[in-house]
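Data first, discussion second: the structure below is written as structure tokens.
Everything numeric in this text was worked out from a predicted model, so none of it was measured. Start at 1 and go down the list; that is how both ligands and their atoms are numbered.
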Amino acid sequence: MLTRRTFLQTTGGAAALAAFADGGVDRILAAGRRVDGAAAADVAADESYWREIQQAFTLDRTIINLNNGGCCPSPRVVHEALKRYLDVSNQAPVYHMWQILEPNIESVRRRLAAAFGCDPEELAITRNASEALQIAQLGLDLKAGDEIVTTNQDYGRMLDTWEQRVRRDGVKLVKVSFPVPPKSMEDLSAPLLAAITPRTKVLHFCHITNLTGQIFPVKSLCDEARRRGIKTIVDGAHAFAHFPYTASELGCDYYGTSLHKWLLAPIGTGFLYVRRENIPALWPLTPAGASRAKDIRKFEEIGTHPAANHNAIAEALTFHEGITIERKSARLRYLRDRWAKRLGGQPRFRIHTNLDPAHSCAIGNVQIVGVPTARLVPRLWERWRIIATPIVHPEYEGVRVTPNVYTTLDEIDTFAGAMEDVAGGRIKVE
Ligand SMILES: Cc1ncc(COP(=O)(O)O)c(C=O)c1O
């Protein structure tokens, strides 16, 4: 357990004292001590504990933000660290940023690697998941006719990236469909494995999809791909710091994630994991000298950039660890279940997310049958100031709902009530 003293030792001096002075991490740690030993499922329903977490953010509570799948607000302590590092940098950036702050990226690498469960020498810090994944997608040597197997629910930008390789290099992209919601993990793995041919070189899929929040059976897919000599790129944009897992439970070759989503780190942060044996053969997006071929840092050669963003990841890790991933994921499922089980029991609603904890966590997708989602979502905003995400896929449509640790029960209930008002015809969607 992180104590005030160890926290001060790890973050150092005046900066850390500032974080305590405003009641930031201090209150989180005190709240954590109060529930220590209690089951995460019980803490999930302990409103006095979550009140402390809610208070750690500087939010606009006149709106109900149920789109935490895009990017998230950072807690106050993280945002203050970001601003502090920017101020320090701006004194003489060539000295304060390059000499003082930038080398500390190594502490961030070490702590992220510990949280993800890999060697720090396998983890590159990037600006987002797109950059991380594109390093893998564009850095692999592939030739015309080589095949990439993915799904038709993978992230648009990542599919666009492959489509560019189709146009540029003549590779073939195979996109499989899978049932929504699936009844079993087999429903997810079978279509991907069935699409593999002797020409398949890469299997690319989401750890958890952004459309319905579906969690994939990563380990079994990666193990099977490895057995067949196929590289695996896993899109973990939504997974890291969302629910518990470690790299060894995934077994993939390349993994890219955002840190401005579930870790609540500053906007413009992510990481790329590259299994050690794959580092030398993977080309960086922004070239590095040949002498760095085996160094994971070759993927960070992006030119001048702020050190503040990536260094403040350390503060986000401290905040996250103060809650613990077990409590966080249990709370997120508790919030998701509160609206999904209420609406899912009524005939006008169709839940597109399998609510089994093995299949999903915070993210859920719900449709009001007969109400166009593309018009419903703007109505939720106009009438209730609720931010949600319209998902319109050729095979289904629905509202994506993504709460976060700062979301209150009242906000969830307002959303559920709004959906019932629309479904019941009390509020019209034109
Ligand atoms: C599944 C998935 N992959 C990749 C990304 C891209 O993440 P970023 O915006 O951090 O580049 C997202 C963003 O929402 C996503 O949902």
So which heavy atom in the protein is nearest atom 3 (N) of ligand 1, and how far is it from that ligand atom?
-> Asp235 OD2, 2.6 Å

Close-contact set for ligand 1 against Ser258 heavy atoms, below 4.0 Å = 7 (O), 8 (P), 10 (O)

Ring centers of His238, Tyr155 separated by less than 6.0 Å | no

What protein heavy atom is closest to atom 15 (C) of ligand 1, reported as residue, atom name and distance in Å?
-> Tyr155 CD1, 3.3 Å

Specify side chain, backbone, both or neither for Ala237, according to which of its non-hydrogen atoms lie closer than 4.0 Å to ligand 1.
-> side chain

In Tyr273, Trp262, Tyr254, Phe243, the residue satisfying ring-ring contact (aromatic ring centres under 6.0 Å, His included) with His207 is Phe243

Heteroatom proximity flag, Leu133 to ligand 1, N/O under 3.5 Å | no

If you measure from the Lys or Arg side-chain nitrogens to the Asp or Glu carboxylate oxygens, is any gap between Glu300 and Arg292 under 4.0 Å?
-> no

Looking only at protein heavy atoms, which one is nearest to atom 11 (O) of ligand 1, and how far off is it?
-> Ser130 OG, 2.5 Å

Give a yes/no verdict on whether any heavy atom in Glu131 is under 4.0 Å from an atom of ligand 1.
-> no

Can you list the atoms of ligand 1 that are under 4.0 Å from a heavy atom of His238?
-> 16 (O)

Taking atom SG of Cys222 and atom OH of Tyr255, what is their separation to the nearest 0.5 Å?
-> 10.0 Å

Salt-bridged, Arg199 to Glu147, with N to O below 4.0 Å?
-> no

Test: Arg228 and Glu224 ion pair at under 4.0 Å = yes

Lys261 heavy atom under 4.0 Å from ligand 1 | yes

Salt-bridge contact Asp160-Arg157 (side-chain N to carboxylate O under 4.0 Å) = no

